[in-house]
Amino acid sequence: MSIPAEPSTPVASDFIREQVQRDQQLGTYGGRVQTRFPPEPNGYLHIGHAKSICLNFGVAAEFGGICRLRMDDTNPETEDEDFVTGIEQDVRWLGFEPGETLYASDYFETIYRWAERLITEGLAYVDDQDAETISAQRGGFTEPGTDSPYRTRTVEENLDLFRRMRAGEYPDGTRVLRAKIDMTDPNPQLRDPVIYRIRHAHHHRTGDRWCVYPNYDWAHGQSDAIEGTTHSVCTLEFDSHRPLYDWFLERLGELGELPRPLAERPRQYEFARLQLTHTVLSKRKLLHLVTNGLVDGWDDPRMPTLRGLRRLGYPAAALRAFCAHIGVAKVNSIHEIELLESFVRDELNRISERRMVVLNPIKVVIENYPEGQVEWLEAVNNPEDPAAGTRQVPFSRELWLEAEDFMEVPAPKFYRLSPGKEVRLRYAYFIKCESVVKDASGAVAELRCTYDPATFGGQAPDGRKVKTTLHWVSAAHAVQGEARHYNRLFTEAHPDAQEGRDPLEFLNPEARVIVTGARFEPSLAEAQPFQHIQFERLGYYCADPELAGVFHRTVGLRDDWAKIRKRQG
RNA sequence: UGGCGGGUAGUUCAAUUGGCAGAACGCCUGACUUUGGAUCAGGAAGUUGCAGGUUCGAUUCCUGCCCCGCCAGCCA
């Protein structure tokens, strides 16, 4: 079972979808469409995988087919059950229903039997050489490979040796099974690739039943065929493996081993993986960040993992919309992270309730407002969604205002508060700054203001206008909290592409900035884990699922004033 | 170096049997506003990698060259 990515957003076509359409019209698979998402459970999913998930599940849904989640768990030394569970969660969070998870390891027996068949047919042999020797014999891009001295072993000897490999008679690395193809093929992938290696390792699902494990090339296409996959979609770097993928399935098909007619065998198609600026998207490098404590874990909001992005506050719908927008092609491309953010803003603008929070507070006393008086004002939860309703916000004589919203000597085009100037407080009144109280060091400590009772609700009966509306929090009612702000994980747009430099050199020490002492309006005390909230005039934030009173800034609002200020220098 | 895959506004993608090169983000300008930040409108932006060829007409077809990516794990 799978559900459409975004029924409302039209999905642009691409070369994969065109192929699927063509196959449906031609009746290649009797109209059947089946894809799969095949992660290796050796880490958590990142946004690059989201592109693949949206593609595979999306294509299946659009063409009335199915998409299966399959663990490519053929390398026991790096894989773990926790990652399986995490991957399942992440796929569901992204909005797709994978159904029962499939495992390549469930096919080990079948694949092993097929390997014996290859041997019987003279299409595979056991090689006793070590990895280094085999590698040296493989040749180079311009030099053909040379045959292994073991290439001409008899079928009987090969079969006996392979069965003993399985029986555990040999230590790791002493023998491998190789496909017998062509050591002179211009494509090194075809130069008798290793398809089984000996690993006396505990597998997270098959336990200690096996000590020989198939390699990717001798497991992936086979798993696809067993499951009935029609379109096996993978990334560009597997392009040179496609002849191998085809070779194996054609041989098995000719031998009558495949569950379906050879004409209906799966076909591999390659697309460009997703790359983003200012981050890294390789499991190896992400694992490094986690294991070396450079981030707090796989779900650290600085991480481009799905769990990290979720905690940061990225809605799954925004990820899906982004993936639909960037399309699928064979060009290697690095997307600007700003593009992703614009999709996040789009979605968050629709769904987030608004609240008032003062991050860097400065005290304001409304001199003519009665001491002890409190007015509960009605505030709109989401102007984009009337159904979100309203809430009550307390107003009183002493307030917190954003320090950045006041300038004693206003810069040009600064329309906020300054001595003698009048502004509107959102949902409340106009206030005017009468005087400034300074501390011993001369810093502004407090603003003395007056309010105009006639401007209740924010309108002046005499028709006078104010240029700006400020957010505020009643000091007596404020809840203290923490905001965590995030900047680019890497200062360099392309940390991976700096000649001779380690990407870690560009790790941004200010990727996370913790802002303490923020004052929240009281309703935020009831924020739910993962709740998306727009702090008015500041940005979109997300309530941490574990840490009470901690909000992650998902993304800031577009800030024209910041641009003006930048231009002013 | 051999093989394979690519090259279209700053960026990422489109362009339906060869028919006026479009969109989004970004950028600039403006409008509006009880979020200066929401929202809306407009604008700039291209020798379609280069050079030839076929054609009335080429991003599209052909040839050569240039540039980028991937491939020489018992990882996936």
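As the structure is a computational prediction, the values presented were derived from the model and not from experiment. In what follows, chains are A, B, ... by sequence order, proteins preceding strands, each numbered from 1.
Contacts of I334(A) with the nucleic acid, taken as non-hydrogen atoms under 4.0 Å apart, involve only primed sugar atoms and P, OP1 or OP2. Nucleic acid contact for V328(A): sugar-phosphate only, since backbone atoms but no base atoms lie under 4.0 Å from a heavy atom of the residue. Note on Q534(A): a base of the nucleic acid sits closer than 4.0 angstrom, heavy atoms only.
One interatomic measurement links the two molecules: CD of Q21(A) to C1' of rU16(B), which rounds to 11 Å at whole-angstrom precision. L281(A) has its CG atom 21 Å from the P atom of rA76(B), to the nearest Å. Atom CG in L190(A) sits about 19 Å away from atom P in rG2(B), given to the nearest Å. Rounded to whole angstrom, the span from the CG atom of L340(A) across to the P atom of rG26(B) amounts to 12 Å. Between the CG atom of D182(A) and the P atom of rG2(B) there is a distance of 19 Å, given to the nearest Å. Straight-line distance from the CG atom of N382(A) to the C1' atom of rU39(B): 13 Å, rounded to whole Å. The NZ atom of K465(A) sits 16 Å away from the C1' atom of rG36(B) (whole-angstrom rounding). Remark: P of rU60(B) and CZ of F15(A) are 20 Å apart, rounded to the nearest angstrom.
Relative to the side chain of E336(A), the nucleotides rU12(B), rG6(B), rU11(B) differ in distance, and rU11(B) lies closest. The nucleotide whose nearest atom lies closest to any side-chain atom of R354(A) is, among rC25(B), rU35(B), rC13(B), rU35(B). Considering only the side chain of K330(A), rG6(B) comes nearest among rG6(B), rG37(B), rC13(B).
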Which atoms of nucleotides 68-75 of chain B (N or O only) lie under 3.5 Å from a protein N or O atom, and what are those distances?
unit_1  : atom_1 : unit_2  : atom_2 : d
rG69(B) : O2'    : N332(A) : ND2    : 2.9
rC71(B) : O3'    : Q189(A) : NE2    : 3.3
rC71(B) : O2'    : Q189(A) : NE2    : 3.0
rG73(B) : OP2    : S135(A) : OG     : 3.1
rC74(B) : OP1    : R138(A) : NH2    : 3.3
rC74(B) : OP2    : R138(A) : NH2    : 2.9
rC74(B) : O2'    : R199(A) : NH2    : 3.2
rC74(B) : N4     : Q129(A) : O      : 2.9
rC74(B) : N4     : A131(A) : N      : 3.2
rC74(B) : N4     : G173(A) : O      : 3.1
rC75(B) : OP1    : R199(A) : NH2    : 3.0
rC75(B) : OP2    : R197(A) : NE     : 2.9
rC75(B) : OP2    : R197(A) : NH2    : 2.8
rC75(B) : O3'    : R197(A) : NH2    : 3.2
rC75(B) : O2'    : N75(A)  : ND2    : 2.9

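Between the side chains of R424(A) and T455(A), no donor-acceptor pair of N or O atoms lies under 3.5 Å. A side-chain donor from one of N382(A) and R354(A) sits under 3.5 Å from a side-chain acceptor of the other. Side chain to side chain, Q129(A) and D127(A) meet the donor-acceptor criterion of an N or O pair below 3.5 Å.
Tested against F551(A), the residues Y541(A), Y540(A), F535(A) include a single ring pair (Phe, Tyr, Trp, His ring centres under 6.0 Å) partner, F535(A). Among R284(A), K283(A), E79(A), the one residue that satisfies the side chain to side chain donor-acceptor pair (under 3.5 Å) test with N42(A) is K283(A).
Comparing the P positions of rC68(B) and rU63(B) gives an interatomic distance of 23 Å, to the nearest angstrom. Separating the P atom of rU54(B) from that of rU59(B) is a span of 16 Å, rounded to the nearest Å. Comparing rU60(B) with rA9(B), their P atoms are spaced 14 Å from each other, to the whole Å. Look at the P atom in both rG10(B) and rC50(B): the space between them is 13 Å, to the nearest Å. Atom C1' of rG49(B) sits at a distance of 16 Å from the matching atom of rA58(B), rounded to the whole Å. Here the separation of rA23(B) from rU1(B), taken at their P atoms, is 40 Å to the nearest Å. Straight-line distance between the P atoms of rC32(B) and rA51(B): roughly 49 Å, to the nearest whole Å. With P as the reference atom, rU12(B) and rG69(B) are 14 Å apart, rounded to whole Å.
Distances shorter than 4.0 Å separate none of the side-chain N or O atoms of R416(A) from OP1 or OP2 on rG36(B). Between rU39(B) and R558(A), a contact under 4.0 Å exists linking OP1 or OP2 to a side-chain N or O.
At a threshold of 4.0 Å, the pair D73(A)-R205(A) does not count as salt-bridged, since none of the basic side-chain nitrogens sits closer than that to a carboxylate oxygen. Comment: R416(A) does not engage E404(A) in a salt bridge, judged by the lack of any side-chain N to carboxylate O separation of less than 4.0 angstrom.
When ring centroids are compared, Y245(A) and H241(A) stay outside the 6.0 Å threshold.
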Dot-bracket line, read 5' to 3' along RNA chain B, where crossing pairs take [ ] and | marks a partner on another strand, Watson-Crick or G-U under 3.5 Å
.((((((..((((.....[..)))).(((((.......))))).....(((((..]....))))))))))).....

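Atom NZ of K330(A) has more than 12 neighbouring heavy atoms from other residues, nucleotides or ligands inside a 6.0 Å radius.
Between R424(A) and L557(A), the one whose closest nucleotide on RNA chain B sits nearer the 5' end is R424(A). If you find the closest nucleotide of RNA chain B to R242(A) and to P39(A), the one lying nearer the 5' end belongs to R242(A).
In this structure, rG30(B) is classed as anti because its glycosidic torsion departs from zero by more than 90°.
No cation-pi contact links R426(A) to W472(A), judged by a cut-off of 6.0 Å to the six-membered ring centre and 45° from its axis. A cation-pi arrangement is absent between R199(A) and Y213(A) under the rule of less than 6.0 angstrom and at most 45 degrees off the ring axis.
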